Amino acid sequence: MTTMDLIAAHALAISTGSLKDAEVASPCVGVCQMDVAGQFCIGCLRTLDEISAWRRLDGAGRLAVWGLIVRRAQADTV
């Protein structure tokens with residue numbers, strides 16, 4: 001399963017409302033490396049700021065980050 005497959009599956013679960021705020025899992029897939037431009041992690045498509053803030057975010061904040069990740073994946077920005 002590729003990173004994009006994992007992101008797509010989790011995004012689908014979020015969009016269908018099948019996850020509760022407390023269950024909004026980290027998008028980390030253990031591939032922690034920034035892209036050539038240093039903008040996004042090539043594993044989870046988050047910025048360094050999003051990665052460092054993750055633990056402090058509530059469910060709504062985490063869902064917002066997931067929304068950004070989905071848009072980045074769809075735009076193929078990395």
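Every value quoted in this text rests on a predicted model; they were computed, and no experiment measured them.
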Check W66 against A25 and note the closest heavy-atom contact, atom names and distance. NE1-O, 3.0 Å

Note: E50 and L68 closest approach over all heavy atoms is OE2-CD1, 3.3 Å

With sequence neighbours excluded, residues passing side chain to side chain contact (heavy atoms under 4.5 Å, CB included) with C28: S26, C32, R46

Should side-chain heavy atoms under 4.5 Å link Ile, Leu, Val, Met, Phe, Trp and Tyr, which residues sit in the same cluster as L48? M34

Answer yes if W54 and I51 sit in the same cluster of Ile, Leu, Val, Met, Phe, Trp and Tyr residues linked by side chain heavy atoms under 4.5 Å apart, and no otherwise. no

Where D35 and Q39 come nearest, the two heavy atoms and their spacing: OD1-N, 2.7 Å

What heavy-atom pair brings P27 and C44 nearest, and what distance separates the two atoms? O-CB, 3.5 Å

Testing the basics here: between G59 and V24, what is the closest heavy-atom pair and its distance to 0.1 Å? O-CG2, 4.4 Å

Would you name the heavy atoms of T47 and R72 that are closest together and state the gap between them? CG2-NH2, 3.9 Å

